Amino acid sequence: MNITILDDYQDTIRTLACYGKVAGHRVTIWNDHTKDVDALAARLKDTEALALIRERTPIRGPLLERLDKLRLISQAGVFPHIDVEACTRRGVIVCSQTGPGRPSYATAELTWGLIIAAFRRIPQEMIALRAGKWQAYPIGVGLRGKTLGIYGYGKIGAVVAGYGKAFGMNVLAWGRDASVSRARADGFTVAASKEALFAESDVVSLHLRLIAETRGLVTGADLARMKPTALFVNTSRAGLVVPGALEAALRAGRPGMAAVDVYEDEPVLGGRHPLLAMDNVICAPHLGYVERDGLEHMFESIFGQILAYASGKPINVQNPEALTR
């Protein structure tokens, strides 16, 4: 089969142990990114199986209509970036392993790294040290005894809460009824309200899925309730926050800091994002799940789905109607 992998920014996939699974197939890997339909149509014109790295490239009807040889899209996780109905009409099978699984420990670890880096101003001090300065910023603050607010106590939120407990922090949780019930069952305190979570926490960390109901869930009013010494962390999705609200809140001084790993339009190139110009913000290039063991686990599934299709026994099919086309 002709297999194409898009958006392998760090040229990692060919170095994974599971890459040997597709030996004998023709594999094309693209390391840069484009959303241009003409460019994608040219790149994918001979593709029979398309492997996607999470949600980096949207696959919509106008593109699918130009991919006559495409038979399979293989990926892992949720797929809001794929027009499944258009795939079904075209007879393109969408295979994705979803449902209960292990948490993204890599995302939880990165979240915690950002929290420590922000409170101790590690990136800023490193840049200053390179410039010949020594302890150039106001003194940092420790985490023990501070309050960690977890907005969305799901798989990742629960892991981050556990890290907070290990660091001696007081953990508050908020979210949907099922979310707060799990937090309470795990022995964590549930905030009195969403407003209380933002007002009382020294760190607010988002761990929510981006769906229609959660888009813009965090408003400027929420952020304005945070302490001027507090940190807002988003390693989930940029769309959870009202566009522009975080930048405005930081300029107003509440919260005093932010650490983000996600952006509305990715990748962010050329340094063109307002948060990058703020000295009280740590910005990472969506590194949350991007870790070797995590990608190995992801592509073990993605390649397995491709091989199952090639053998005539597709698995994890999300649009079974396409099988009859």
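Since the model is a prediction, treat every value here as computed from it, not as a measurement.
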*Asks:* Going by side chain to side chain contact (heavy atoms under 4.5 Å, CB included), Leu44 matches just one of Leu70, Leu67, Asn2, Leu64. Which one?
*Replies:*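 Result for side chain to side chain contact (heavy atoms under 4.5 Å, CB included) with Leu44: Leu67.
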*Asks:* Take atom CD in Glu195; do more than 12 heavy atoms of anything else shown fall under 6.0 Å from it?
*Replies:*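 Check passes, neighbour count above 12.
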*Asks:* Is there side-chain contact between Lys21 and Leu307, with heavy atoms separated by less than 4.5 Å?
*Replies:*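 SC-SC contact between Lys21 and Leu307 confirmed.
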*Asks:* Please check if the number of heavy atoms outside Arg102 that lie under 6.0 Å from its CZ is greater than 12.
*Replies:*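 More than 12 heavy atoms, drawn from other residues, nucleotides or ligands, come within 6.0 Å of this atom.
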*Asks:* Taking Arg90 first and then Asp83, would you say they form a salt bridge - that is, a charged N and a carboxylate O separated by under 4.0 Å?
*Replies:*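 No, this pair does not count.
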*Asks:* I need the Tyr163 OH to Thr111 OG1 distance, nearest 0.5 Å.
*Replies:*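 Between Tyr163 OH and Thr111 OG1, I get 9.0 Å after rounding to 0.5 Å.
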*Asks:* Answer with yes or no whether the hydrophobic clustering places Phe198 together with Val190; edges join I, L, V, M, F, W, Y residues whose side-chain heavy atoms lie under 4.5 Å apart.
*Replies:*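 In one cluster: yes.
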*Asks:* Please evaluate residues Asn170 and Leu148 with respect to the criterion side-chain contact (heavy atoms from CB on, under 4.5 Å), reporting the C-alpha separation (whole Å), side-chain torsions for both, the decisive distance (0.1 Å), and the verdict.
*Replies:* CA-CA 6 Å; Asn170 304 309; Leu148 169 65; over 6 Å; no
*Asks:* Hydrophobic clusters here meaning ILVMFWY residues chained together by side-chain heavy-atom distances under 4.5 Å, can you tell me if Leu16 and Ile3 are in one?
*Replies:*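 Per the 4.5 Å side-chain linkage, Leu16 and Ile3 are co-clustered.
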*Asks:* Please name all residues satisfying side-chain contact (heavy atoms from CB on, under 4.5 Å) with Met278, sequence neighbours left out, ordered by chain then number.
*Replies:*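 Testing Met278 for side-chain contact (heavy atoms from CB on, under 4.5 Å), a comparison that skips the adjacent residues, returns Glu247, Leu250, Arg251, Leu275, Asn280, Val281.
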*Asks:* In Å and rounded to the nearest 0.5 Å, what is the CD1 to CD1 distance from Ile306 to Ile73?
*Replies:*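 The distance works out to 11.0 Å.
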*Asks:* Keeping Asn319 on the side-chain end and Val92 on the backbone end, is there a donor-acceptor pair under 3.5 Å?
*Replies:*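 Yes.
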*Asks:* Taking the ring of Phe167 and the ring of Trp112, is the distance between their centroids below 6.0 Å?
*Replies:*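 Judged by ring-centre distance (under 6.0 Å), Trp112 and Phe167 do meet the cut-off.
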*Asks:* Does atom CD of Gln135 have more than 12 heavy-atom neighbours, drawn from other residues, nucleotides or ligands, at distances under 6.0 Å?
*Replies:*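 Result for CD/Gln135: open.
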*Asks:* What are the two closest heavy atoms between Ala183 and Ala173, and how far apart are they?
*Replies:*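 Residues Ala183 and Ala173, closest heavy atoms: CB-CB, 3.6 Å.
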*Asks:* State plainly whether one hydrophobic cluster holds both Ile150 and Leu143, where clusters connect Ile, Leu, Val, Met, Phe, Trp and Tyr through side-chain heavy atoms under 4.5 angstrom apart.
*Replies:*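 Yes, Ile150 and Leu143 fall within the same hydrophobic cluster.
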*Asks:* Please evaluate residues Val262 and Ser236 with respect to the criterion side-chain contact (heavy atoms from CB on, under 4.5 Å), reporting the C-alpha separation (whole Å), side-chain torsions for both, the decisive distance (0.1 Å), and the verdict.
*Replies:* CA-CA 7 Å; Val262 288; Ser236 292; 5.7 Å; no
*Asks:* Distance from Ile5 atom CD1 to Ile29 atom CD1, nearest 0.5 Å?
*Replies:*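 Nearest 0.5 Å value for the CD1-CD1 distance: 4.0 Å.
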*Asks:* Run the salt bridge (charged side-chain N to carboxylate O under 4.0 Å, His left out) test on Asp177 and Arg182 for me, step by step, so that the C-alpha distance in whole Å, both residues' side-chain angles and the decisive distance to 0.1 Å come before the verdict.
*Replies:* CA-CA 9 Å; Asp177 290 344; Arg182 285 193 297 270; over 6 Å; no
*Asks:* Return the set of residues passing ring pair (Phe, Tyr, Trp, His ring centres under 6.0 Å) with Tyr263 (not counting sequence neighbours), or none when no residue passes.
*Replies:*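 Only His273 meet the ring pair (Phe, Tyr, Trp, His ring centres under 6.0 Å) criterion with Tyr263.
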*Asks:* Please test Glu125 against Arg120 for salt bridge (charged side-chain N to carboxylate O under 4.0 Å, His left out), starting from the C-alpha separation and ending with a verdict.
*Replies:* CA-CA 9 Å; Glu125 289 286 8; Arg120 300 301 296 274; over 6 Å; no
*Asks:* With the threshold set at 4.0 Å, does a side-chain nitrogen-carboxylate oxygen contact exist between Lys227 and Glu200?
*Replies:*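 Looking at Glu200 together with Lys227, the answer is no, because their closest N to O distance does not fall below 4.0 Å.
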*Asks:* Salt-bridge test for Asp38 and Arg66: reply yes if a basic N is under 4.0 Å from a carboxylate O, no otherwise.
*Replies:*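 Answer for the salt bridge query: yes.
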*Asks:* Should Val171 and Thr147 be marked as a side-chain contact (heavy atoms from CB on, under 4.5 Å) after you check the CA-CA gap, both sets of side-chain angles, and the distance that decides it?
*Replies:* CA-CA 6 Å; Val171 179; Thr147 298; over 6 Å; no
*Asks:* Is there a chain of hydrophobic side chains (I, L, V, M, F, W, Y, each step under 4.5 Å between heavy atoms) that links Phe188 to Val160?
*Replies:*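 Yes: a chain of side-chain contacts under 4.5 Å links Phe188 to Val160.
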*Asks:* Grab the two heavy atoms, one from Leu240 and one from Leu208, that are nearest each other, plus how far apart they are.
*Replies:*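 Smallest heavy-atom distance, with atoms named: CD1-O, 3.7 Å.
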*Asks:* Going by distance alone, is a donor N or O of one side chain under 3.5 Å from an acceptor N or O of the other, for Tyr9 and Asp32?
*Replies:*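 Per modelled atom types, Tyr9 and Asp32 side chains form no pair under 3.5 Å.
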*Asks:* Calculate, to the nearest 0.5 Å, the distance between atoms SG and CD1 belonging to Cys95 and Ile315 respectively.
*Replies:*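 So the gap between those two atoms works out to 7.0 Å.
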*Asks:* If you take all heavy atoms of Pro123 and Ala117, which pair is closest and at what distance?
*Replies:*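 Heavy atoms of Pro123 and Ala117 come nearest at CD-O, 3.7 Å.
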*Asks:* Do Leu50 and Leu63 belong to the same hydrophobic cluster, where Ile, Leu, Val, Met, Phe, Trp and Tyr are linked whenever their side-chain heavy atoms lie under 4.5 Å apart, directly or via other members?
*Replies:*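 In one cluster: yes.
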*Asks:* Quick check: closest heavy atoms across Arg254 and Pro228, and the distance to 0.1 Å?
*Replies:*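 Smallest heavy-atom distance, with atoms named: NH1-CD, 3.5 Å.
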*Asks:* Using only atom types and a distance under 3.5 Å, with no angle test, would you say the side chain of Arg71 pairs donor to acceptor with the backbone of Ala49?
*Replies:*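 Not at all, since once roles are kept as given, no pair shorter than 3.5 Å links the two residues.
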*Asks:* Taking side chain to side chain contact (heavy atoms under 4.5 Å, CB included) as the criterion, tell me which of Thr34, Thr57, Leu52 meets it with Asp7.
*Replies:*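 Checked Thr34, Thr57, Leu52 against Asp7; only one passes side chain to side chain contact (heavy atoms under 4.5 Å, CB included): Thr57.
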*Asks:* With a sphere of 6.0 Å drawn around NZ of Lys165, does it hold more than 12 non-hydrogen atoms of other residues, nucleotides or ligands?
*Replies:*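 No, the 6.0 Å shell around NZ holds no more than 12 heavy atoms from other groups.
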*Asks:* Ion pair present between Arg237 and Glu55, side-chain N to carboxylate O less than 4.0 angstrom?
*Replies:*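 Counted as a salt bridge, because a side-chain N and a carboxylate O are separated by less than 4.0 Å.
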*Asks:* Whether the Thr4 and Thr28 side chains hold a donor-acceptor pair (N or O, under 3.5 Å, no angle test) is what I'd like checked.
*Replies:*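 Side chains of Thr4 and Thr28: no pair found under 3.5 Å.
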*Asks:* For a side-chain hydrogen bond (donor to acceptor under 3.5 Å, both in side chains) with Asn316, tell me which candidate from Gln75, Gln305, Gln97 qualifies.
*Replies:*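 Of the listed options, the one satisfying the test is Gln305.
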*Asks:* Do you know the tightest heavy-atom contact between Ser201 and Leu172?
*Replies:*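 Heavy-atom minimum between the residues: OG-CD1, 4.3 Å.
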*Asks:* Around atom NZ of Lys133, are there more than 12 heavy atoms from other residues, nucleotides or ligands closer than 6.0 Å?
*Replies:*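 For Lys133, atom NZ is not crowded (no more than 12 foreign heavy atoms under 6.0 Å).
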*Asks:* Give me the atom names and distance for the closest heavy-atom approach of Cys18 to Glu296.
*Replies:*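 The answer is N-OE2, 2.7 Å.
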